[in-house]
Novice: 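Sending over a structure as C-alpha cells; questions will come in a sec.
In the text below, chain A, chain B and the rest are named by the order of the sequence lines, each starting its count at 1. Keep in mind it's a predicted model, so treat the numbers as computed, not measured.
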2 protein chains.
Amino acid sequence: MKPSPHQDHPWVAVDVVIFTIDEGVLKALLVNLKEGPFRGHWAFPGGLVSLGESIDAAAIRELSEKTGLRHIYLEQLCTFGDPHRDPRAHVVSVAYFALLPRADRRLAEHPKYARLEWRAVTALPPLAYDHNRIAAYALDRLRAKLAYTNIVYSLLPDEFTLGELQEIYEMILGTTLDRRNFRKKLLAAGLLRALPRVRRGPHRPATLYAFAQRRPMNIPIL
Amino acid sequence: MKPSPHQDHPWVAVDVVIFTIDEGVLKALLVNLKEGPFRGHWAFPGGLVSLGESIDAAAIRELSEKTGLRHIYLEQLCTFGDPHRDPRAHVVSVAYFALLPRADRRLAEHPKYARLEWRAVTALPPLAYDHNRIAAYALDRLRAKLAYTNIVYSLLPDEFTLGELQEIYEMILGTTLDRRNFRKKLLAAGLLRALPRVRRGPHRPATLYAFAQRRPMNIPIL
DNA sequence: GCAAAAGTGTTGAGATTACACCCATGC
DNA sequence: GCATGGGTGTAATCTCAACACTTTTGC
C-alpha cells in the first residue's frame with residue numbers, strides 16, 4: 001500500500017438503506033435525484049466520504065441528514081466497486097443498512113433531493129446505479145439476522161405486544177409463524193421483559209413487552 | 001453522490017488475507033514491508049485500487065501477484081475506513097479473504113516486499129495498520145462459513161480422505177469432532193464423491209474422496 | 001503380533017413442530 | 001352476544017450427541 005499522490009484514484013462514497021415498518025409493511029427510504037446522469041431516478045441516500053472522515057461517520061452523517069436521527073442501528077453491508085456503476089466517475093461505494101423504529105419517521109428536507117419517500121421493499125422501482133443489487137443484499141442480510149440477533153428491537157417502539165412483534169417477523173420473512181411456538185421461543189430467549197401494562201384495543205387487551213437490552217446481541221432466536 | 005473533482009478524497013485499497021493449510025496448521029500469508037511508516041513490520045498483502053479497476057479485480061490482482069495463482073476462492077470481508085489507520089494518508093481498505101489449496105504454495109518474489117511468509121493464524125505477530133483486526137474478522141468469517149458452506153474444498157487438493165477433511169475442520173474450529181458423526185454429516189450433505197481408490201499409508205488404507213462440485217454453495221454441513 | 005488409523009449403528013435426550021380451545025374486551 | 005385477537009399445553013417427530021468395537025494394513 002504505497003500512496004502515490006500523482007495518480008488518479010477512485011472516489012469513496014457511502015449509500016444507506018434505511019428500513020422501517022410503516023402501515024404494516026417493510027419500507028425503505030428512497031430519494032429522488034435532482035442532478036447527474038440518474039436525474040429523476042430513485043436511489044438510496046448516499047454521498048461521498050470526505051477526507052479525514054471515517055466511513056462509519058459518513059454513514060451516520062447521511063442518516064442524520066436524511067432523517068434527523070442519530071443513535072439508529074447501523075451496520076456495514078458490503079462494498080461495491082465496479083468502475084462503471086456510476087457513469088460519471090469511478091466511485092467505490094460502501095453500502096450500509098439501518099433500522100428505524102416506526103415511531104420516528106419525520107423526514108428532513110434536503111436540497112440535494114427532489115423528494116424523499118418510504119417505499120415498500122417488495123415493490124421497489126428500478127433504482128439508480130447498482131442500488132437494486134444493494135437492496136437485494138440488504139434484505140437478505142436483514143432476514144438472516146432476524147434469526148440469530150436481537151436487532152429487531154431497532155424496528156420497534158419501546159413498548160409493543162407479542163402480536164406486533166410476530167407481525168414484523170412475518171412481514172420481513174414473508175412467511176407465517178405459529179403463534180404459540182413463536183411466543184415460546186421469544187420468551188425462552190430471555191430478551192423480553194413483560195411490562196405491568198396492557199395495550200387496549202377493540203379486543204382483548206394484550207400484555208406490553210419491552211426489550212431487556214436495547215443493544216445488538218448475537219443470540220439464536222428462531 | 002456528487003463527485004467534485006476539486007476536493008481531496010480518501011484513497012481506496014484492498015488487503016487480502018490468504019489462508020492455507022501447511023504442516024497441519026492453518027496459516028496466513030504475511031508480507032514484510034520494505035517502506036513506509038510500518039517498514040519492517042508484517043502485514044497482509046494489499047495495494048491501492050487503480051482508477052477504472054474494480055475492487056474485486058484489484059484483489060484478484062494482489063492474489064496473483066503474490067502467489068502466482070488465479071481461480072482461487074476469494075470473498076469480500078469488510079471495509080475499514082478509519083482515517084488514521086494509515087498514518088500517511090486516509091486510505092479506505094476493502095479486506096478480502098482467500099483460500100488456497102495446500103498443494104500449491106510456491107510464492108512469487110515481489111520487489112515491494114522484503115519477505116513473504118506463511119504464519120500460523122494462532123500466533124500472528126503484531127501487524128501493521130489495523131491488520132490484526134482484519135485477521136480476527138477473517139478467521140471468524142472462515143469459521144462460520146465452514147458450518148454452512150462447502151468452501152472448505154478450496155483448502156483441499158482434488159483427492160483427500162475423510163480423516164484429512166476432519167483434521168482441517170478441527171484445526172480451523174479449534175475443537176475436536178466425533179469421527180462417526182462427522183462422517184455421517186458430511187456424507188449426508190451429498191457434497192462428496194467416493195473415488196474407487198485408496199490412500200495407502202502406514203496403516204489401514206483410507207478411501208479417497210473428491211468434492212462433487214468445486215464451486216461455492218450454501219448448504220448446512222455441521 | 002502389534003500399533004495405528006479406518007470404518008461402522010444405535011440409543012437417549014432435547015428440540016421442534018403441529019395442533020385446538022377458552023378468554024377478555026369493544027362494539 | 002358476537003367478532004376479534006390474546007393467551008395457553010401436549011404429544012409426536014426429528015435432530016443431535018454420545019458412545020465402543022472390529023478391520024486393515026505396515027512394520
Novice: Give the intermediate values and the outcome of side-chain contact (heavy atoms from CB on, under 4.5 Å) for residues A/Val16 and A/Phe44.
Specialist: CA-CA 6 Å; A/Val16 188; A/Phe44 295 118; over 6 Å; no

Novice: Would you say A/Arg39 has more than 12 foreign heavy atoms packed within less than 6.0 Å of its CZ?
Specialist: no

Novice: To the nearest Å, give me how far apart CZ (A/Arg183) and P (D/dG6) are.
Specialist: 7 Å

Novice: A/Leu155 versus A/Tyr73: any side-chain heavy-atom pair under 4.5 Å?
Specialist: no

Novice: Report yes if the side chains of A/Tyr153 and A/Pro216 come closer than 4.5 Å at any heavy-atom pair, otherwise no.
Specialist: yes

Novice: Would you call the rings of B/His41 and B/Phe38 parallel, tilted or perpendicular, where under 30° means parallel and over 60° means perpendicular?
Specialist: perpendicular

Novice: Does the protein touch nucleotides 15-22 of chain D at the base, only the backbone, or not at all? Give it as B, S and - per nucleotide, heavy atoms under 4.0 Å.
Specialist: --BBBB--

Novice: Taking the ring of A/Phe160 and the ring of A/Phe211, is the distance between their centroids below 6.0 Å?
Specialist: yes

Novice: Pick the closest DNA chain D nucleotide for A/Leu162 and for A/Pro202 by heavy atoms, then say which residue is nearer the 5' end.
Specialist: A/Pro202

Novice: Would you check if A/Ile18 and A/Trp118 make a side-chain contact, meaning some heavy-atom pair closer than 4.5 Å?
Specialist: yes

Novice: Select base, sugar-phosphate, or nothing to describe what B/Pro205 touches, counting heavy atoms under 4.0 Å on all strands.
Specialist: sugar-phosphate

Novice: Just the endpoints, please: which first and last nucleotides of DNA chain C, 5' to 3', lie under 4.0 Å from a heavy atom of chain B?
Specialist: C/dA4 to C/dT10

Novice: Quick check on DNA chain C: between B/His203 and B/Tyr209, whose nearest nucleotide comes earlier from the 5' end?
Specialist: B/His203

Novice: Could you list all the side-chain hydrogen bond (donor to acceptor under 3.5 Å, both in side chains) pairs where at least one residue sits in residues 193-209 of chain B, not counting sequence neighbours?
Specialist: B/Glu159-B/Arg197, B/Glu164-B/Arg199

Novice: With nearest nucleotides of DNA chain C determined for B/Gly163 and A/Arg200 from heavy-atom distances, which residue corresponds to the more 5′ nucleotide?
Specialist: B/Gly163

